[in-house]
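For reference, the structure discussed in these notes is given below.
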Amino acid sequence: MRTAWGALLLILCSVPTPALAAQELASVRVTASAPTAEPATWIAPYGSDTTGNGTERRPFYTPGRAAQLGRPILALPGRYTEFGTITQGGTARTPLVLRPATTGTVVFALQDAAQPATVAASHVELRDITIHGRELATPGTCLRVAGNIEDLSLARTRIDHCRVGLDAGTTSLTHFTLEDSSMSDIQERAIDCGRATCSHHRLNRVVFEHLGYDTASTTTKILYSASSRDSRWRDVTVRDSIGDGVRFDGPAPSIANSQFIQIDGTALTLGRGGYITKTDIAALQTGLAAQIGDGLVIERSLLRRLSTSSTPFLVLPSDQSSPTSSLVFAYSRLEVSNETLTLGGPRSRHAVVWNGLVAWFHHPSPVLLLPGGQRVSVEDSDRANGITHEDDSQLFFGEASQAELFSPLFSGGETTHNA
């Protein structure tokens, strides 16, 4: 009997009370791993690079100082007068990101033309910020790239009131992305990659406007790239600019769904061919000036005049394209402002093909200047050597009305003009 009572007492003692059970459950929850937010470094308009430690309560002031901790940077909305130099980036998998911490505008209002916002590290991404020099008596560069940089991305970023919007320096900038952004009120060049080794540039949904004003120079380059490779522009607008527009000296850029308009110099220069589709090009001087390079394709695009003296299309006299390359017009519209349409230079050797081309000539007896210097009348173009003239192409003489310009008058054509 004593043994039975002892066993029962032992069982009762082993059953946890509700309080003890709750304590044990709580201890299990504490020891279980819970997800935590990614650590970040904070900056604020009232922060300090000397007394701050990068926490939300004691933020730094500049992205340059915050980047030294190697974590994402959260910027409280407001006005900053310095940016500093980002010398430590992220990795290809996890780039260093600078973005607003909360809803609001983050503005870097530069105060010293000699100290632009500077990125000197790879794998850096800037989001939803504004960089401007409008408070400077003589603006300088707004954003400078220093050193050999790879993987720089700007998203929803505005850069304005600068002498140079983005200066890639003299070294290397590869894998650069600019999207959903704008550059405006730039005195000289929006993007300068002309002295650097540049490649793999992507521009998507970008607007460049009001460029080249407030300066005595009339040779402004909106984008000048001496050696860019694999450049792709999509939904890019370049408008209302003084001086020349965009220049690609690298091989075969790809441009689609874009506009190069209201430019008083040469709107677009291609140094080594390229591919253009669904794009509107118009300038007061020359719309598209090109060397054919390995080949130039103009598809479903509009090359039009802004003045009686403008030339919508021109093959540069220095072109030395090979016999294996070609100039192709496919379902495009072209206005010819004088008696000659230049399709090749004296040393050009490329073939010329047009398919679904609609061209308006403003001369009663126009001629075509073909590769090698050959001149033929438009009426004889279908029998000329080195040119293929498809049956669905149409040639008109006299002025073209706006309605005619922006209406698809031939099979396969489609309007590309954005009103």
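In this text, all values refer to a predicted model and were calculated from it rather than measured experimentally.
Residues forming a side chain to side chain donor-acceptor pair (under 3.5 Å) with S182 (at least two apart in sequence, or on another chain): R158. Legend: residues meeting salt bridge (charged side-chain N to carboxylate O under 4.0 Å, His left out) with R234, ordered by chain and number and at least two apart, are absent. Looking at residues two or more places apart in sequence or on another chain, you find no ring pair (Phe, Tyr, Trp, His ring centres under 6.0 Å) involving H210.
Residue pairs meeting the ring pair (Phe, Tyr, Trp, His ring centres under 6.0 Å) criterion with at least one partner in residues 93-131, sequence neighbours excluded, are Y80-F108, F83-F108. Identified under the ring pair (Phe, Tyr, Trp, His ring centres under 6.0 Å) test for residues 334-358, with sequence neighbours left out: W354-H389. Listed by first and then second residue, the salt bridge (charged side-chain N to carboxylate O under 4.0 Å, His left out) pairs that reach into residues 67-91 are R79-E135, sequence neighbours excluded. The salt bridge (charged side-chain N to carboxylate O under 4.0 Å, His left out) analysis of residues 141-157, with sequence neighbours excluded, yields the pairs D128-R156. Sorted by first and then second residue, the disulfide bond (SG atoms under 2.5 Å apart) pairs involving residues 56-151 (not counting sequence neighbours) are C142-C162. Within the structure, every pair that satisfies the side chain to side chain donor-acceptor pair (under 3.5 Å) test and touches residues 54-65, not counting sequence neighbours, is listed here: D49-T62, N53-T55, Y61-T81, R65-Q68. Under the salt bridge (charged side-chain N to carboxylate O under 4.0 Å, His left out) criterion, the residue pairs touching residues 114-125 are E125-R127, with sequence neighbours excluded. Within the structure, the salt bridge (charged side-chain N to carboxylate O under 4.0 Å, His left out) test picks out the following pairs touching residues 161-183 (sequence neighbours left out): R163-E188, D167-R195, E179-R205, D180-R205.
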Using distance only, find each side-chain donor-acceptor pair of residues 365-377 under 3.5 Å and give its atom names and separation, not counting sequence neighbours.
residue	atom	partner	partner atom	Å
S377	OG	D380	N	3.3
S377	OG	D380	OD2	3.0

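A parallel orientation is assigned to the rings of F260 and W233, their planes being inclined by less than 30° (bins at 30° and 60°).
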